[in-house]
Amino acid sequence: MDQSTHKSRLSKWLIILILTFGGFFMILPFIWMILSSVKTDAEILQIPPTIWPRGFTWDSFVKLFTEMNFAVYLKNTLIIVVFSFLGLFLNAMAGYGFAKFKFKGKNKLFYLVLATMMIPGQVTMIPVYLLLNAVGLTNTMTGIVLPGLVGAFGIFLFRQFMSTISNDLIEAARLDGASEFYIFWRIILPISRPVLAVQGILTFIGAWNSFIWPLIIANDEKFYTLSVGLQLLKGQYGSNYALQMAGSTFMVIPIIIIFMIFQKYILKGFNVSGMK
C-alpha cells in the first residue's frame, strides 16, 4: 500500500469520525426530548440530570388528551393533511396541463405562477383573510384548508418532471381511445411516482406543522391544530416540562418516521424532476 492510498483512507475515516461526532450532537436534543417525555417532572429538574429515565411513565401523554384538547387538535391536523394530499393531485393536474398541453398564454400563465413563489406568504395572508372573511369562511375548517390546496412550487415540480415524459407514449394512448383523465391517472401518475413521493413528504410535513394560518383564521379552539395546541401548552403549563416534552415528542415523532421511511425518494425525486 503506497503512502497516497494510506493518506486517502486516513482522511476518509477522519471525515466519517467528524460527521458521526457532529451527527450525535445534532440528534442529542431530540433524544433528550423523547426520553424526557416519559420521565416525571421532578426527574427532569433534578441535578445532576439523568439521560435514561429511572422509571418510564406515560402520564404526560395521557394528560395531553385528558387535560387538554389534543384529540381535537389531532383531528383538525389530520383533516388538513388529507385535504393537502387532495391538493397534491390538483398540483399534479396543473403541472401536467402546463407540460403537455398547448393553449394560448400558457408560458405567460406559467411565469405568473412562478412569480407567486417570490412573494412571501406573510404578504398574502391579509388579502386572503379578507377574501375568506367576505364569503364567511373565517373560523371554519374550509377557510383553513382552502388556501393550501394548490401551491406554485408543487405545480413547478410536477411540470418540470412531466415535461420529460415522452409525447409518443401519450399520443399512442390517445390513438388507442384513452381519455385524457385515463392517461393522467393510469399512465402519467405511475410514471411520476418519484416526484409524487417527494411532494407527498413535503405536503405531509407542511400540513402537520401548520401553525400561522390556523392561528389567524380560527378564533375557536375547536379548529386549532397540533402546532397551535403545543403553543397553548407552553403558555398554560409553562412549568410542567414533562408535559411540554410529551407534546413536542407527539409532534415530532410522526415527521421523523415519515422522513426515515421515504428519505431515499427526496434526492431521487429532485434528481429526476427535470431541473435542467
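Just so it is clear, the model here is predicted, and its values are computed rather than measured. When reading the values below, keep in mind they use all heavy atoms of this one structure, side chains included, and skip hydrogens, waters and symmetry mates.
In this structure, Phe250 and Phe65 have perpendicular ring planes: the angle between them is above 60°, well past the 30° mark.
Taking the centre of each ring, Phe89 and Phe85 stay at or above the 6.0 Å mark.
Between the side chain of Lys100 and the backbone N or O of Ile170 there is no donor-acceptor pair closer than 3.5 Å. Listed for the Thr225 side chain is a donor-acceptor partner under 3.5 Å among the backbone atoms of Ser210. Ser192 contributes no side-chain N or O that, together with a main-chain N or O of Val195, makes up a donor-acceptor pair within less than 3.5 Å. Remark: side-chain polar atoms of Ser37 are paired, donor with acceptor, to backbone N or O of Ile34 under 3.5 angstrom. Side-chain atoms of Trp208 come within 3.5 Å of backbone N or O of Met251 as a donor-acceptor pair. Side-chain atoms of Thr124 come within 3.5 Å of backbone atoms of Gly121 as a donor-acceptor pair (strictly under, hydrogens ignored). Side-chain N or O atoms of Trp213 include one that pairs as donor or acceptor with a backbone N or O of Gly143 at under 3.5 Å. Side chain of Asn139 to main chain of Asp220: a donor-acceptor pair is present (N/O by atom type, distance under 3.5 Å, no hydrogens or angles).
The number of heavy atoms from other shown groups lying within 6.0 Å of CZ (Phe30) does not exceed 12.
Here the side chains of Ile258 and Ile205 are not in contact, with every heavy-atom distance at 4.5 Å or above. In this structure, Leu146 and Phe83 have side chains that are not in contact, with every pair of non-hydrogen atoms separated by 4.5 Å or more. Side-chain contact between Ile183 and Tyr96 is present, with at least one heavy-atom pair separated by less than 4.5 Å.
Every residue was checked against the salt bridge (Lys or Arg N to Asp or Glu O under 4.0 Å) condition with Glu43, not counting sequence neighbours, and none meets it.
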Under 3.5 Å, which donor-acceptor pairs link side chains of residues 72-80 to any protein atom two or more places apart or in another chain?
residue : atom : partner : partner atom : Å
Tyr73   : OH   : Glu221  : OE2          : 2.3
Asn76   : ND2  : Val72   : O            : 3.3
Asn76   : ND2  : Lys222  : O            : 2.7
Asn76   : ND2  : Tyr224  : O            : 2.8
Thr77   : OG1  : Tyr73   : O            : 2.8
Thr77   : OG1  : Leu226  : N            : 3.0

